[in-house]
Amino acid sequence: MGRIRVLSDNVANKIAAGEVVERPASVVKELLENSLDAGATRIRIEVEAGGRKLIAITDNGCGMGQDDAMLAFERHATSKIHDADDLLNIDTLGFRGEALPSIASVSRLVLETRQAADASGTRIEIAGGKLLKVEEAGAPEGTAITVRDLFFNVPARKKFLKAESTELSHIASLVTHYALAHPDKHFELHSATHNMLTASPVATHAERLYQIFGRDTLDQLISVAAEADLERVGVPEPPPWRRSEDYEPPTPGKVRLRGFVSKPELQKLNRNSIFVFVNQRLVRDRLVQHALTEAYRNIIPPTVFPVVLLFLEMPATEVDANVHPAKTEVRFRQQGFVHDFVRDSVRAALMKARPVPQFTREISAQPTAAVALSPGALYGEVQDEPAGFVLTATLPLPQTAPLAFGDAFLPGPSSASSADIASVVAAVPNWEPVSGASACSAVIDDLAEPEEGVAPQLASLRPLGQIRESFILAVNQEGLWIIDQHVAHERVLFERVLKQRQTESIPVQKMLMPIVVQLTPGQQAVFTEISDELGRNGFEVELFGSRTVVVKAVPAGVESCDMEQMLGELLGDFEREQQTLNLDAIRHRIAASIACHAAIKVNMPLEQNKMEWLLQELAQTECPMSCPHGRPVVLRYSVKDIQRAFKRI
């Protein structure tokens, strides 16, 4: 007898369930996406015991007839694709036809559904993948699915579930962020004890963000809006087995980016607060994450991450969603174009906003019941973090049971009127997209005209003196400012070096005695790659035997005693870099290293005219709020903060 055998449907369904149904939040995700695909405008979700005992989702979508309802529980049965060519143009959230049979194979499921044209609906009961009952039933238009006792027949899977509160937080995160992605729809989330989320339809994403999280959160975010034409240059056609005989390449379309990114002072210890929607599908994409990292490069430290809520829209033919069983990953046809478009759009928004870090206001007490909203609902990778952000104002405690966005506790569902929402959202920059022929040109052009922001405020500063000969204390009409003299000078020198590199006019100083530096094998490999760029930045460094280099000249301002340490750190950073570095990244890294070693040091006394000069130079930089390594340059203690501290307001 042969050793290869065909698996039974029961075993095959449980294997599929292992791919699709990781935890209760996975069930909510699949059913919620089905409701959205069905055209529902009202979606209600109820859960008990973190989804272990009960998950019930009710919608007012198109519903199904009895035949379709029965077929929906067959493996790979779907109404959303018909042939292989449809996989190249997926415009629905679900399409694989695995969700319902997979969920039904590991739970006790009841489906009630009715189409608008039918006089009565259909009720189907399934337990552990076995059909128990099919009957006519009275039901409103739409679909209601009740899932009980998840993993009751797979106890090993049940042991891997976390605490009820953790599973509930995953579900809350998922529902909240789909509500943010669909502001025109009504969402409700109820647990056994209280109403966790009620979001009525609003006109814009900004209004939905205010509706759920409140004004304080909106004030911590920067609006992003950009649009560009997609290019078909260099895009390969799909293989023959994935196209029909009359296949024609899609016509060029547009890519649009909208959403919000956090100010530099709002920092997280991991990527759990980065939410990216591609054609309204919540995904985790390494390409976009790397683009965001590049956008914040030299603005925040490389060991922390921003809070991001972005919506990327493009023709369905430009995105392949069929690369992951749970549909949590996508692949772009034009990866380089999308990467640069996201990076440049976010970077341009940050440069225009130029936000100033504020002093932290501590929270007096922690909420007793808060649901952590994190992307673990989708990815199952939530990690706990210390409470609080870096250099950010903590929000006041809400009177109702709050939700939490990342670490900061935020107000729960708002009961504000439409007029209240409109008055707040009016302060947010309009979402009029920028149009352009390429991903970069449209957004970069805006940098030519600096907005009124932090630069004029810095230019009006009057220095009072130094704190421990390391921090400059200054004042103006905005309040009290503290400037880190080292990183302020570092920012000035960094931008100066980049400009000099463009014109190839970096001043060089010859060394009296050349310095010999020993390299590790990894550093030697890196040196071979970046030696030309080092030369263009004022370094005269040559190989001198096996794994040894000799330094004969350095950029002006760099002390010879720092040269060995500087070169070792620079090569070590490149050696540890996991991503492939482009020329622009190498230039910025070298410029940052030069600026760091040539800048004014801490514990260095400065005369009044030197402090005034430094503040004036800082005001003229493009990004005066952070140093090239992402540390804050200035902190402001506003007049309102001072008045509040003295109990005057």
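What you are looking at is a predicted structure, and each value in this text was computed from that prediction instead of being measured. These numbers come from the heavy atoms of this one structure, side chains and all, not from hydrogens, waters or symmetry mates.
Judged by distance alone, the side chain of S345 and the main-chain N or O of F341 form a donor-acceptor pair under 3.5 Å. For the pair D118 (side chain) and G121 (backbone), a donor-acceptor distance under 3.5 Å is absent. A donor-acceptor pair under 3.5 Å links the side-chain atoms of N60 to the main chain of R42, judged by distance alone. Between the side chain of N279 and the backbone N or O of M314, at least one donor-acceptor pair lies under 3.5 Å. Proximity of a side-chain donor or acceptor of E167 to a complementary backbone N or O of K162 within less than 3.5 Å is detected. Formation of a donor-acceptor pair under 3.5 Å by the R208 side chain with backbone atoms of D184 is not found in this model. Under a 3.5 Å cut-off, the side chain of E30 and the backbone N or O of V27 do not form any donor-acceptor pair. Side-chain atoms of R343 do not come within 3.5 Å of backbone N or O of V288 as any donor-acceptor pair. In this structure, H339 contributes its side chain and Q335 its backbone to no donor-acceptor pair below 3.5 Å. The main-chain N or O of G138 is never found under 3.5 Å from a side-chain atom of S120 such that the two would form a donor-acceptor pair.
Ionic pairing of E313 and R258 is present here: one or more N-O contacts between side-chain nitrogen and carboxylate oxygen are shorter than 4.0 angstrom. Taking a cutoff of 4.0 Å between a charged side-chain nitrogen and a carboxylate oxygen, R44 and E188 qualify as a salt bridge. A salt bridge is absent between R123 and E136: the closest approach of a Lys/Arg side-chain nitrogen to an acidic carboxylate oxygen does not fall below 4.0 angstrom.
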Exercise for review: Could you walk me through whether T146 and L109 pass the side chain to side chain contact (heavy atoms under 4.5 Å, CB included) test, one step at a time?
Suggested key: CA-CA 6 Å; T146 303; L109 185 147; over 6 Å; no
Check your understanding: Checking side chain to side chain contact (heavy atoms under 4.5 Å, CB included) for the pair I222/S262: CA distance, chi angles, key distance, verdict?
Key -> CA-CA 6 Å; I222 299 169; S262 61; over 6 Å; no
Exercise for review: Could you go through the side chain to side chain contact (heavy atoms under 4.5 Å, CB included) check for L287 and R331 one step at a time?
Suggested key: CA-CA 9 Å; L287 182 81; R331 183 180 293 117; over 6 Å; no
Practice item. Test side-chain hydrogen bond (donor to acceptor under 3.5 Å, both in side chains) on Q211 and S200 and set out the steps. Key: CA-CA 9 Å; Q211 182 186 56; S200 56; 3.1 Å; yes
Practice item. Carefully, step by step, assess L180 and F277 under the rule side chain to side chain contact (heavy atoms under 4.5 Å, CB included). Key: CA-CA 10 Å; L180 290 169; F277 289 81; 5.7 Å; no
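Side chains of H290 and E294 form a contact here, defined as non-hydrogen atoms less than 4.5 Å apart. F260 is not listed as a side-chain neighbour of V224, based on a closest heavy-atom distance of 4.5 Å or more. Side-chain contact between R52 and E164: present, with at least one pair of heavy atoms (C-beta onward) separated by less than 4.5 Å. Residues M70 and L131 are in side-chain contact: their nearest non-hydrogen atoms beyond the backbone lie under 4.5 Å apart. Contact annotation: the side chain of F187 never approaches that of T176 to less than 4.5 Å [non-hydrogen atoms, C-beta and beyond]. At a threshold of 4.5 Å between non-hydrogen side-chain atoms, the residues L282 and K29 do not count as touching. Side chains of I171 and L189 form a contact here, defined as non-hydrogen atoms less than 4.5 Å apart. No side-chain heavy atom of I274 sits less than 4.5 Å from a side-chain heavy atom of V307.
For the residue pair Q334 / E318, a side-chain donor-acceptor distance below 3.5 Å is found, with atom types taken as modelled. Side-chain atoms of Y178 and Q280 form no donor-acceptor pair, as typed in the model, at a separation below 3.5 Å.
Classified by interplanar angle (parallel below 30°, tilted 30° to 60°, perpendicular above 60°), the ring pair F311/H205 is tilted.
Summarising the geometry, atom NZ belonging to K254 is positioned 3.5 Å from atom CG belonging to D229; distances are rounded to the nearest 0.5 Å. Taken to the nearest 0.5 Å, the CG atom of L309 stands 8.5 Å off from the CZ atom of F213.
Centroid-to-centroid, the aromatic rings of F305 and Y296 stay 6.0 Å apart or farther.
The environment of NZ in K158 is crowded: more than 12 heavy-atom neighbours from other residues, nucleotides or ligands sit within 6.0 Å.
A cation-pi arrangement is present between R108 and F152, with the terminal nitrogen or guanidinium carbon under 6.0 Å from the aromatic centre and inside a 45° cone about the axis.
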